[in-house]
Amino acid sequence: MHSDTLTEYVLVNYRWVFVVFFLLPCTVLGKIWAVFEKKSWSRRRRSTGLDHEKKVEDIQCEVRHKNFHAPGRVMCTARPSWKSMTIAEMTYKKRMFNINVHLDEMISIDSHNRKVRVEPSITVGQLIPILIQSGWTVPVALELEDLTIGGLVMGIGLESSSFKFGLFHKTCTRYELVTADGDLITCSESENSDVFRCIPFSYGTLGFLTAIDIRIIPAKKYVRLQYRPIRSLEKIQSSLIAETLDVENNDFIELLMFGKNEGVLMTGQMTDGDQNTKNVNKIGRFYKPWFFKHVESLLLSQKHTEEYIPLKDYYFRHNNSLFWEVQDIIPFGNHPLFRYLLGWIMPAKVALLKLTQTDTIKQLYDKHHFIDDFILPISNLKESVEKFHEHLNIYPIWVCPTVLNPGNGLVHSHAPVDKMYIDIGLYGEPKVSNFNSSIVKNLELFVLKLKGFKMMYIGTYLNEYEFKKMFNHYLYQSIRIQLNCIHNFPEVYDKVNKKVRR
Ligand SMILES: Cc1cc2nc3c(=O)[nH]c(=O)nc-3n(C[C@H](O)[C@H](O)[C@H](O)COP(=O)(O)OP(=O)(O)OC[C@H]3O[C@@H](n4cnc5c(N)ncnc54)[C@H](O)[C@@H]3O)c2cc1C
Ligand SMILES: NC(=O)C1=CN([C@@H]2O[C@H](COP(=O)(O)OP(=O)(O)OC[C@H]3O[C@@H](n4cnc5c(N)ncnc54)[C@H](OP(=O)(O)O)[C@@H]3O)[C@@H](O)[C@H]2O)C=CC1
Ligand SMILES: CC(C)=CCC[C@@H](C)[C@H]1CC[C@H]2C3=C(CC[C@]12C)[C@@]1(C)CC[C@H](O)C[C@@H]1CC3
């Protein structure tokens with residue numbers, strides 16, 4: 001066998017050896033280190049009085065220093081590419097001026113005004129458990145623990161409650177920002193409102209976020225989840241639309257499709273249950289099957305089922321298997337023996353997987369793998385699934401309804417009223433013979449034609465003109481001038497096109 005082919009073969013078939021025997025133990029050490037670091041950090045903080053304001057002043061100093069010594073050089077955060085929740089490498093970071101924006105604390109919870117103030121690098125996995133312990137939660141709680149609040153505001157965040165609350169940033173009420181000149185400004189619906197509307201999806205091109213206020217709502221103990229297997233695409237579309245209209249009775253809606261004409265529609269309500277509550281399924285326990293496998297088993301048995309899932313377990317239901325991505329790396333990861341023996345250290349940290357993937361693995365993913373999300377009007381579900389089936393044939397498909405509101409920021413409904421969209425997430429190996437980048441571009445144009453949007457964490461093949469047709473740049477451009485960004489921050493397109501996000 002040729003040595004390249006042999007390397008490829010070993011990388012594809014035996015990556016699990018490295019992951020199980022090296023990355024998983026490293027993940028555990030990382031978790032222990034994080035606890036230790038947090039403790040010593042809070043001790044240090046108490047003794048030096050270092051707080052949020054001081055950290056923000058440091059960022060302001062760094063920006064002013066850059067303006068003095070390297071005027072005209074555009075800036076980005078110094079967060080290394082391997083830490084970001086995307087498989088893409090952000091090559092732009094190498095040529096831009098990196099500013100250290102590592103702020104990862106929770107600042108305060110204000111139960112009276114129902115809001116929590118956080119720093120941008122705090123992860124969902126750090127924030128949500130603290131909130132739940134205090135009896136609160138965020139309206140849109142993301143499913144992957146390592147996503148950061150800043151990244152979700154600057155990119156796009158959505159979850160199964162988005163049909164009710166919209167995209168993640170719709171639950172944010174105030175941003176604190178260090179501008180290109182090193183000034184500190186705040187914005188909300190009532191103060192610098194145009195800046196406030198343009199920040200979401202701006203990918204850090206209007207300034208550095210230093211604090212975010214997020215609305216909080218009371219947390220309950222469980223999500224009562226109904227699973228409804230459906231075996232017709234028409235029926236899936238009509239049932240999904242009907243459920244999104246029932247805002248009174250539904251708090252969560254999600255659909256997993258396991259084939260072109262079959263899927264499981266899940267609807268849920270947050271509840272405290274009562275003493276008669278039965279059928280509690282603690283899906284977050286380490287020995288439990290991967291969530292999508294559990295759902296698939298209900299499709300196979302054609303059972304309409306209802307379960308009570310602890311709130312935190314529900315939120316992070318796709319974390320253990322990284323949706324269904326872990327099965328490609330550890331093919332036996334859902335085997336009961338593996339779960340009982342090693343499930344407690346799963347999943348391997350995404351950042352570590354990314355940091356340790358070799359060029360060959362990355363190239364294999366580029367050639368044989370697809371990870372992307374498209375946001376389309378809900379009425380186009382059937383047409384879109386058919387299109388993705390023809391050109392990708394990847395299953396399961398994640399479908400998550402989300403309401404978009406009208407507005408003049410970068411992402412908004414194309415109608416003058418609130419409009420229901422769906423996120424279609426495709427992650428896996430395309431089962432078509434001719435998969436290549438021109439198919440991806442073709443799909444992006446399909447989405448553009450339907451007046452939909454693409455999530456940009458993976459990058460885009462659209463050219464600048466097409467990109468600007470997809471995302472409304474009108475207000476954004478004037479805010480860039482107002483905040484003196486033109487020579488200090490790149491444009492969004494310069495951070496998300498495939499040449500710099502590979
Ligand atoms: C980076 C990586 C990604 C993987 N992705 C998947 C996956 O998406 N689905 C899955 O079932 N298993 C995946 N695996 C593991 C699994 O072992 C291979 O997909 C499986 O061995 C392919 O077997 P085959 O005989 O059908 O492929 P073959 O048709 O023999 O594959 C031919 C060659 O294609 C490449 N290849 C095939 N599938 C993938 C792939 N998905 N990603 C990258 N290269 C690939 C390899 O170079 C392989 O030697 C992956 C493993 C790694 C390390
Ligand atoms: N369910 C969901 O909705 C999911 C969403 N995602 C995607 O993942 C991404 C979030 O991942 P994450 O790793 O948290 O974030 P990233 O590190 O990927 O950051 C995303 C963008 O936000 C910018 N950014 C982050 N923090 C700041 C800050 N303090 N000030 C200015 N800009 C900032 C980054 O700028 P810079 O380039 O300068 O570093 C970058 O352009 C989003 O793009 C999201 O769409 C992924 C999985 C699931
Ligand atoms: C729900 C939404 C909107 C998106 C989910 C996206 C995730 C499926 C991906 C986000 C980051 C991705 C990474 C990988 C798999 C897919 C994601 C979790 C890898 C773990 C795949 C293996 C590589 O070697 C490293 C990747 C890191 C990022």
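Index from 1, following the sequence. Whatever order the structure lists them in is the order used to number ligands and atoms, beginning at 1.
At the top of the distance list for atom 14 (C) of ligand 3, counting protein heavy atoms only, stands Ile371 CD1, 4.5 Å. At the shortest separation from atom 12 (C) of ligand 3 among protein heavy atoms lies Ile87 N, 4.3 Å. Nearest protein heavy-atom neighbour of atom 21 (C) of ligand 3: Tyr365 OH, 3.9 Å. In terms of protein heavy atoms, atom 18 (C) of ligand 3 is closest to Leu322 CB, 4.2 Å.
Around atom NZ of Lys498, more than 12 heavy atoms belonging to other residues, nucleotides or ligands sit under 6.0 Å away. Few gaps surround NZ on Lys66; more than 12 heavy atoms of other groups in view lie less than 6.0 Å from it. Within 6.0 Å of atom NZ in Lys288, more than 12 heavy atoms from other residues, nucleotides or ligands are found, so the atom counts as buried in its surroundings.
Using cut-offs of 30° and 60° on the angle between ring planes, the pair Phe388 and Phe374 is parallel. In this structure, Phe21 and Trp16 have tilted ring planes: the angle between them lies in the 30° to 60° band.
Taking 4.0 Å as the cut-off, Ile156 does not count as a neighbour of ligand 3 on heavy-atom distance. In this structure, Thr86 falls outside the shell of residues with a heavy atom less than 4.0 angstrom from ligand 2. Met456 does not count as a contact of ligand 2, since none of its heavy atoms falls under 4.0 Å from the ligand. Under the 4.0 angstrom criterion for non-hydrogen atoms, Gly207 is in contact with ligand 2. By the 4.0 Å heavy-atom criterion, Lys93 is counted among the residues contacting ligand 2.
At least one N/O-N/O distance between Leu158 and ligand 2 falls below 3.5 Å. Backbone and side-chain nitrogen or oxygen atoms of Trp398 are examined, and none is located within less than 3.5 angstrom of a nitrogen or oxygen of ligand 3. Annotation: Met455 places no N or O atom under 3.5 Å from an N or O atom of ligand 2; distance criterion only. Residue contacts with ligand 2: Lys495 is placed with a nitrogen or oxygen under 3.5 Å of a nitrogen or oxygen of the ligand (distance criterion only). Between Leu209 and ligand 2, at least one pair of N/O atoms sits closer than 3.5 Å.
Judged by distance alone, the side chain of Thr148 and the main-chain N or O of Gly151 form a donor-acceptor pair under 3.5 Å. Between the side chain of Asn497 and the backbone N or O of Lys499 there is at least one donor-acceptor pair closer than 3.5 Å. Checked by atom type and distance alone, the side chain of Asp423 never pairs as donor or acceptor with a backbone atom of Val399 at under 3.5 Å.
Remark: the Ser413 side chain and the Tyr421 side chain contain no N/O donor-acceptor pair separated by less than 3.5 Å. A side-chain N or O of Glu119 and one of His52 form a donor-acceptor pair less than 3.5 Å apart.
Across the listed options Phe489, Tyr457, Phe201, Tyr92, Tyr92 owns the non-hydrogen atom lying nearest to atom 37 (O) of ligand 2. Of all the listed residues (Thr77, Val74, Ile149), Thr77 holds the heavy atom that lies closest to atom 27 (C) of ligand 2.
For Phe252 and Tyr314, the ring centers sit closer than 6.0 Å to each other.
With a 4.0 Å heavy-atom cut-off, ligand 3 is reached by the backbone of Thr86 but not by any atom from C-beta on.
Ligand 3 places these atoms under 4.0 Å from at least one heavy atom of Met85: 10 (C), 11 (C). Counting atoms of ligand 3 from 1 in the listed order, those under 4.0 Å from a heavy atom of Met455 are 3 (C).
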